[in-house]
2 protein chains.
Amino acid sequence: MKHVAESTVRRLSLYLRFLEDFESKGLATISSDELAARGGTTSAQVRKDLSLFGSFGKRGLGYSVPQLAARLRAILGLGREWRVVIIGAGKIGSALAQYHGFAQRGFRVVGVYDSDPAKIGQTLDGIRIRSVEAIDADGASLTPDIAVITVPAEAAQRAVDRALRAGVHGVLNFAPVHLQVPPTVALKTVNMAMELEGLAFALVNRSDVAIESAGGAD
Amino acid sequence: MKHVAESTVRRLSLYLRFLEDFESKGLATISSDELAARGGTTSAQVRKDLSLFGSFGKRGLGYSVPQLAARLRAILGLGREWRVVIIGAGKIGSALAQYHGFAQRGFRVVGVYDSDPAKIGQTLDGIRIRSVEAIDADGASLTPDIAVITVPAEAAQRAVDRALRAGVHGVLNFAPVHLQVPPTVALKTVNMAMELEGLAFALVNRSDVAIESAGGAD
DNA sequence: ATAGCTTTGTGAAGAATTTCACAAAGGCCC
DNA sequence: GGGCCTTTGTGAAATTCTTCACAAAGCTAT
């Protein structure tokens, strides 16, 4: 298949969210124009994005909401359960472990790890926090797909290395560092300091402020 | 000045982080190559990014670490204090309110708001949680620059509208919705579900997995 | 069944961003 | 000071992403 840009995937994910909204309201069809309006893009962009994967609409009518939603779920790989381990049970890690929105979308937290002896053994939303050293050994039984890294910057690379040994193929990194992973591993970094600095930049260079969304490279 | 791409700003922010690292290690100079290696880019990209703002290096030698760091801080608008209000004192909001990394970089939390009567009046890191309804009135005394939105999706637009009335010009949104703001306001959205779905997509389309970083459009 | 209105799907054009590649500059050593 | 090595700054080329614009389809009403 043709190469799919990261920005396209982000938008698909966004479209899916609106579709689910529409679905719950019982609407049957939606046009690329409506989808675009809610997503802050143009209808041409919506159609281009979708056209990468096939042709899902009906001319003159638009898209069937449930059908398109199902297609997007399939495209995004949401038809299965993704097993997630969270490494770092600090404020952010704990918040994520307890956030049920993930479970709803098929991301199931199967393990939480920390290095602080005071935290190890505590329970977070039904999951016992274990020592980071247990990750390697747990890999075989937990078979995690994705690791979420919420440890301090200094510990992040070690945490990822462990996660990779445990069989993880995707990493969502919240530590403010650029992590080294083999090219077969998908890595995304969310860096809140970077977002705030982006805002600061926009504010001091006020004139045609029109930034939108987060994302970028790390 | 020439238009600066968002991706450039993200990278500048990243470079600054490395520079601070180097600074603390006492290194005097750094080359675009070294900066690139740690940032996962190319040296040409680094030089291009910096060249938008001036010419800071010495040929044959590289960049003076403290000088370049100072320049980047000035460019990114980190020379002053940014006053931040957090709207939504749930898990994520509380975690952010207590995260001291922000204060270090000049982002000072001056107010925390929630709509839950059980939370109002409680103290978070020295700041009393107040009712969301107080935001409008507080604007004049708190003079916030930036609002961080950590309320549920349904409440997000209302929260932003309040924040704008309180005088905010930048918004960092954690709610999974596309917010409407006037074009003079800078908006960034961090959407964790979107990041996870991006990973899921990369994992099911495994072949040349080579995603990096978060960011994009919302 | 035809006319009229709407909306998709998509090549082609345009804009933005990244990479290339190299001349110009600076330091260092003999 | 001349040669040599390194690294910047930057036009030009290449690539990637977005927008344009329009023919092809489908529905509705008559």
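Throughout, a chain's letter reflects where its sequence line sits, starting with A, and its residues are numbered from 1. The figures here come from the full heavy-atom set of this structure, side chains too, leaving out hydrogens, waters and symmetry mates.
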* Asked: Is Lys25(A) salt-bridged to Asp21(A), going by a charged N under 4.0 Å from an acidic O?
  ->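 Judged by the 4.0 Å cut-off on N to carboxylate O distance, Lys25(A) and Asp21(A) do form a salt bridge.
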Atom pairs, protein N/O to nucleotides 15-17 of chain C N/O, distance under 3.5 Å:
none

* If you pin Gly60(A) and Thr8(A) to their nearest nucleotides in DNA chain D, which one's is more 5'? ->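 So the residue in question is Thr8(A).
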* Asked: For Ile87(A), which of Asn173(A), Val148(A), Ile149(A) qualifies under side-chain contact (heavy atoms from CB on, under 4.5 Å)?
  ->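 The side-chain contact (heavy atoms from CB on, under 4.5 Å) with Ile87(A) is passed solely by Ile149(A) among Asn173(A), Val148(A), Ile149(A).
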Using a cutoff of under 3.5 Å, can you pull out all pairs of nitrogen or oxygen atoms linking the protein to nucleotides 10-13 of chain C, with atom names and distances?
residue : atom : partner  : partner atom : Å
dG11(C) : N7   : Lys48(A) : NZ           : 3.2
dG11(C) : O6   : Lys48(A) : NZ           : 3.2

* Would you check if the side chain of Ser94(A) reaches a backbone N or O of Ala89(A) as a donor-acceptor pair within less than 3.5 Å? =>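 Confirmed, Ser94(A) side chain pairs with Ala89(A) backbone.
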* Any idea how Phe107(B) and Trp82(B) line up, ring-wise: parallel (<30°), tilted (30 to 60°), or perpendicular (>60°)? ->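 Ring orientation, 0 to 90° scale: parallel.
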Might you list the N or O atoms of the protein lying below 3.5 Å from N or O atoms in nucleotides 2-5 of chain D, with each pair's distance?
none

* To do: Check whether any side-chain N or O of Thr42(B) sits under 4.0 Å from OP1 or OP2 of dT19(C), and answer yes or no.
  =>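 Looking at the OP1 and OP2 atoms of dT19(C), one of them is under 4.0 Å from a side-chain N or O of Thr42(B).
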* Asked: Is the centre of the Phe102(A) ring less than 6.0 Å from the centre of the Tyr99(A) ring?
  ->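 Yes, the ring centres sit under 6.0 Å apart.
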* Asked: Atom CZ of Phe56(B) and atom C1' of dT7(D): how far apart are they, to the nearest Å?
  ->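 Taking atom C1' of dT7(D) as the reference, CZ of Phe56(B) is at 17 Å.
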* Asked: Between atom CG in Leu68(A) and atom C1' in dG9(C), what is the gap in whole Å?
  ->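 In whole Å, dG9(C) C1' and Leu68(A) CG are 14 Å from each other.
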